[in-house]
Amino acid sequence: MPLVEASLWPEPLQALHARVAATAPQEAVASSAEWREDFARWVRGASLEERTRAQAAAWERLSPGERTPAELLFLLSTLSELLWPYEEPRLGLLKQVLARRDAAVTALREAGDTESAERIQKESTVTVSTVLTRYLKRHPEALSKLVRDVSCTYDGRALRFQDSVEVDLKYVMGTGAKSVDLLEQLRSLLPDTRDGGRDKLTDFIRTRAARIPWREAREVLGERLFALATSQDGRSGMRGFLACYPNGRKEPDWCSRAGLLLARTVEVGGPPAVVENLCDLLTLFDAPPVDGLRGALGALVQSDFETAADLGHARFVLDHCQGTMRKAEPALALTLLWLEERLFRASVRRGVPEAFERRTRARAKLELLPGFTHLVWLAEECAEMWPRFRTPARPGLDGLVAWRKEVTWRMGRKPVLRKAAIEFLLWCAPDEASSEAELATLSLVRNATDRRLVRKMLEHPSPRARFRARSLQSYLQAGAGQDKHAPPSEPSEPATLTASLRHLHVTRAVPVGGRTWLRDRDLEDLLVGAVGRVESEAAQCHLQRFREETPELIVGLLEGLRSELAHVQAALGSLVASPLSLSMTVHRHPEPPPEAASEIAFIVSVEREGFVRTRRVVRVPVAKLEQRGEGQWLPTFRLGRERLDALLTRTEAAFCLFLVPAFVRPELWVMPARLARASMEAQGALSGVPREAAQGASRSLAQWLVYDVLGLWVGDERPDVIDASREGDAAAGFVVDLTVR
């Protein structure tokens with residue numbers, strides 16, 4: 001044995017290994033008992049460092065190369081100690097050990113010692129099973145690495161490798177989310193498992209997966225699923241994945257994420273294989289409110305075919321959606337016709353020769369739908385009119401009124417056409433044509449069934465459709481639109497900003513250049529869009545900025561809000577010939593009390609005719625989400641329970657603002673402080689609000705600030721509470737004055 005190899009062993013074992021290497025083949029079996037006794041004495045007194053060094057030396061001797069029968073017997077007899085799982089195993093442990101076992105047994109049989117060969121094979125098989133089981137208990141995620149290139153089967157109890165080495169799966173399986181790693185490793189073995197055991201192994205995976213608490217495993221499994229979806233060779237694995245974890249088919253966040261990834265891949269011209277994977281994945285989601293087909297179409301609804309580098313992705317997605325569309329989906333058919341019309345016009349401008357043939361084929365597949373002629377008409381009209389809202393050739397008011405009347409006349413005849421048009425208009429209309437789409441939708445709502453459809457749109461996969469449906473739902477719930485001959489009634493003294501603007505509309509008190517009145521949703525669109533832009537930017541930058549101090553993050557957020565609201569005021573000045581104005585100023589406490597540099601006080605003042613009608617304050621402690629390691633976000637927000645208790649004793653108008661990255665949508669979370677306190681108490685937490693609880697019970701900053709704070713639904717009117725938020729020991733670090741005149 002060369003000196004360099006002898007030096008790999010710890011010093012007490014070097015002499016033993018030298019004796020083993022010098023033993024003649026015919027004397028190896030007789031001497032093996034003495035070796036084991038000497039090795040056992042060394043093990044009892046060896047340190048961890050010596051054991052680790054012996055393990056590394058054993059790995060070297062197990063690797064391919066010439067070995068004497070005596071050395072092979074020594075390695076096989078000491079595997080149980082030399083291969084203890086102190087660290088992750090090297091690649092192909094089982095294959096190398098089995099190869100060494102077979103070589104030792106073959107050598108004994110060739111020497112005529114059949115009895116010893118059978119005994120060594122039986123003992124080494126038990127030892128290898130023990131070693132493999134230990135490794136899987138310590139490193140369940142390394143199964144495929146351990147058993148690489150070794151055939152296996154499953155008999156309902158244990159995995160069998162080369163029909164000899166056994167691993168009892170129930171023994172090595174962990175509990176809860178810990179079992180996900182091993183289940184995923186077992187799933188990766190399915191293609192190489194023999195037919196007799198493949199079905200049994202699949203049933204075992206499904207049974208164990210059903211026992212995992214879904215909330216614990218959802219995040220880990222989601223990352224694994226989308227790793228398959230974004231790899232070019234992961235298409236077959238996705239179906240097997242969802243077959244093993246059927247709860248994933250009903251996961252709205254996964255469906256939304258797949259739609260967003262598909263939209264992004266189409267936008268940047270990503271790999272065609274990934275587009276195919278994501279389209280196929282979206283067809284596997286099958287329960288409302290999860291709708292994979294709408295998620296796939298949503299990837300194209302907001303895309304710009306005119307500027308796309310390649311239209312191939314759009315063609316594939318449309319063909320895929322048309323091939324998987326259910327027959328009784330007129331709204332999807334209308335959306336498909338509209339997208340095909342946009343694709344046709346973009347293709348004609350680029351000189352694509354088969355553009356006309358493609359449009360003809362697409363329409364031929366849908367021409368048996370009821371009202372097909374009217375669906376085609378609306379698709380062509382919207383493909384022609386909506387792009388004009390982005391140009392100086394914007395349609396005039398009289399033309400829009402006439403267009404809405406024709407939409408009502410054509411699409412309002414039958415319930416199936418109304419259903420198609422309502423979803424299509426709320427989902428597909430661009431932001432520039434939002435008002436016209438909502439007005440056309442209101443003209444189509446004629447009965448309780450139509451109102452239920454608008455309410456159902458609150459669960460639509462598209463955020464744009466949900467937002468528009470929410471505004472229409474509030475309008476319909478107020479009683480407007482149910483009787484076309486009875487205009488909505490308003491109180492004599494409006495109580496909220498929204499009601500005040502509706503009052504201006506009813507009384508025709510505000511003259512507007514080029515229009516006869518100002519609808520309140522115009523102002524709402526401006527405000528929600530302005531706050532939403534700041535909120536989106538803050539969420540998208542959180543990954544780079546979360547290490548900054550919370551007060552510095554608050555400064556950037558408030559400065560962005562102040563700047564955007566200044567733009568809103570400028571827009572109002574150009575539209576409204578009245579003293580209606582909105583202003584925002586920010587004051588930072590020069591010497592903030594402890595914890596107050598990370599709290600905001602919003603003070604809203606509504607002034608009318610030179611005197612204050614109402615002034616209210618909302619206290620908002622702010623907490624940011626931090627990372628434990630690279631890419632691993634903490635499960636809680638750092639926010640002390642005592643701090644919330646002290647705040648709630650002063651005022652009930654208290655909310656928590658959570659600064660988070662763009663997990664599903666780019667938004668920040670706002671949660672009532674009392675609800676956050678109750679969540680902490682339910683979880684037994686003293687210094688942290690659970691992230692999942694906050695996400696499930698929160699609203700976005702844009703909706704909360706516009707509809708709750710500026711809408712005057714929340715706030716404490718007591719003068720002493722307002723004064724305490726500005727100065728004193730209970731003052732907030734940041735005071736934001738919002739004034740509406």
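Side-chain atoms are counted along with the backbone in the values below, which use heavy atoms only and exclude waters and symmetry mates. Because the structure is predicted, anything quoted here is derived from the model rather than measured.
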Does any part of the side chain of Leu634, heavy atoms only, come nearer than 4.5 Å to the side chain of Arg691, both counted from C-beta? no
Under a 4.5 Å cut-off applied to non-hydrogen side-chain atoms, are Val317 and Val275 in contact? yes
Using only atom types and a distance under 3.5 Å, with no angle test, would you say the side chain of Thr130 pairs donor to acceptor with the backbone of Val126? yes
Any donor-acceptor pair under 3.5 Å linking the side chain of Lys200 with the backbone of Tyr154? no
Heavy-atom neighbours of Gln544 CD exceed 12 at 6.0 Å: yes
With sequence neighbours excluded, tell me which residues meet side-chain hydrogen bond (donor to acceptor under 3.5 Å, both in side chains) with Glu223. Arg257
Looking at every non-hydrogen atom in both residues, tell me the closest pair between Cys321 and Ala296 and how far apart they are. SG-CB, 3.7 Å
Measuring from atom CG of Leu639 to atom CE of Met671, what distance do you get when rounded to the nearest 0.5 angstrom? 10.5 Å
Hey, does Val689 have a side-chain heavy atom less than 4.5 Å from the side chain of Phe658? yes
Kindly determine whether Lys624 and His542 satisfy side chain to side chain contact (heavy atoms under 4.5 Å, CB included), including the steps that lead there. CA-CA 9 Å; Lys624 65 179 180 179; His542 189 77; 4.0 Å; yes
Sequence neighbours excluded, which residues qualify as side-chain hydrogen bond (donor to acceptor under 3.5 Å, both in side chains) partners of Arg157? Glu166
Shortest non-hydrogen contact from Gly259 toward Ala299: O-CB, 4.0 Å
For Phe285 and Ala258, which heavy atoms make the closest approach, and how far apart are they? CE1-CB, 4.4 Å
Can you check whether Leu644 reaches Met680 side chain to side chain, under 4.5 Å on heavy atoms? yes
Heavy atoms, side chains only, cut-off 4.5 Å: are Phe316 and Pro272 in contact? no
Just wondering, do Leu186 and Leu159 contact through their side chains at under 4.5 Å, heavy atoms? yes
Pairwise distance CG(Asp280) to CZ(Arg239) - rounded to 0.5 angstrom: 4.0 Å
Check whether any side-chain N or O of Asp291 sits under 3.5 Å from a backbone N or O of His460 as a donor-acceptor pair, and report yes or no. no
Tell me, which pairs form a side-chain hydrogen bond (donor to acceptor under 3.5 Å, both in side chains) where one or both residues lie in residues 260-276, sequence neighbours left out? Arg235-Glu276
Could you check if a side-chain atom of Leu281 sits within less than 4.5 angstrom of a side-chain atom of Leu225, using non-hydrogen atoms only? yes
Please report the interatomic distance CG(Leu262) to CG(Leu300), rounded to the nearest 0.5 Å. 7.0 Å
Distance col, row Thr127:OG1 vs Leu132:CG, nearest 0.5 angstrom, shows 12.5 Å
Candidate pair Cys152 and Leu201, rule side chain to side chain contact (heavy atoms under 4.5 Å, CB included), full reasoning: CA-CA 11 Å; Cys152 71; Leu201 185 57; 5.9 Å; no
Locate the shortest heavy-atom distance separating Leu332 from Leu297; write the atom from each residue and the value. CD2-CD1, 3.7 Å
Flag yes if more than 12 heavy atoms outside Glu626 fall under 6.0 Å of its CD atom; otherwise flag no. yes
Least distance between heavy atoms, Pro666 atom then Gln540 atom: CB-NE2, 4.0 Å
Nearest 0.5 Å please: distance from the CE atom of Met238 over to the CG atom of Asn277. 4.5 Å
If the condition is side-chain hydrogen bond (donor to acceptor under 3.5 Å, both in side chains), which residues does Asp203 pass it with, not counting sequence neighbours? none
In terms of heavy-atom contacts, Leu242 and Arg249 come closest through O-NE, 4.0 Å
State which residues pass side-chain hydrogen bond (donor to acceptor under 3.5 Å, both in side chains) with Glu681; sequence neighbours excluded, sorted by chain then number. Arg677
Report yes if some heavy atom in the side chain of His320 is under 4.5 Å from a heavy atom in the side chain of Thr283; otherwise report no. yes
Go through the steps to decide whether Glu692 and Gln683 satisfy the test side chain to side chain contact (heavy atoms under 4.5 Å, CB included), and finish with yes or no. CA-CA 11 Å; Glu692 289 196 359; Gln683 299 287 336; over 6 Å; no
According to the interplanar angle, ranging from 0 to 90°, do the rings of Trp254 and Phe241 count as parallel (below 30°), tilted (30 to 60°) or perpendicular (above 60°)? tilted
Please say whether more than 12 non-hydrogen atoms of neighbouring residues, nucleotides or ligands are located less than 6.0 Å from CZ in Arg109. yes
d(Tyr245 OH, Glu251 CD) to nearest 0.5 Å is 14.5 Å
Please report the C-alpha distance between Phe161 and Thr125 in whole Å, then the side-chain angles of each, then the deciding distance to 0.1 Å, and finally whether the side chain to side chain contact (heavy atoms under 4.5 Å, CB included) criterion is met. CA-CA 10 Å; Phe161 298 94; Thr125 298; over 6 Å; no
Are the side chain of Arg466 and the backbone of Pro461 linked by a donor-acceptor contact shorter than 3.5 Å? yes
Check salt bridge (charged side-chain N to carboxylate O under 4.0 Å, His left out) between Arg641 and all other residues, then give those that pass, not counting sequence neighbours. none
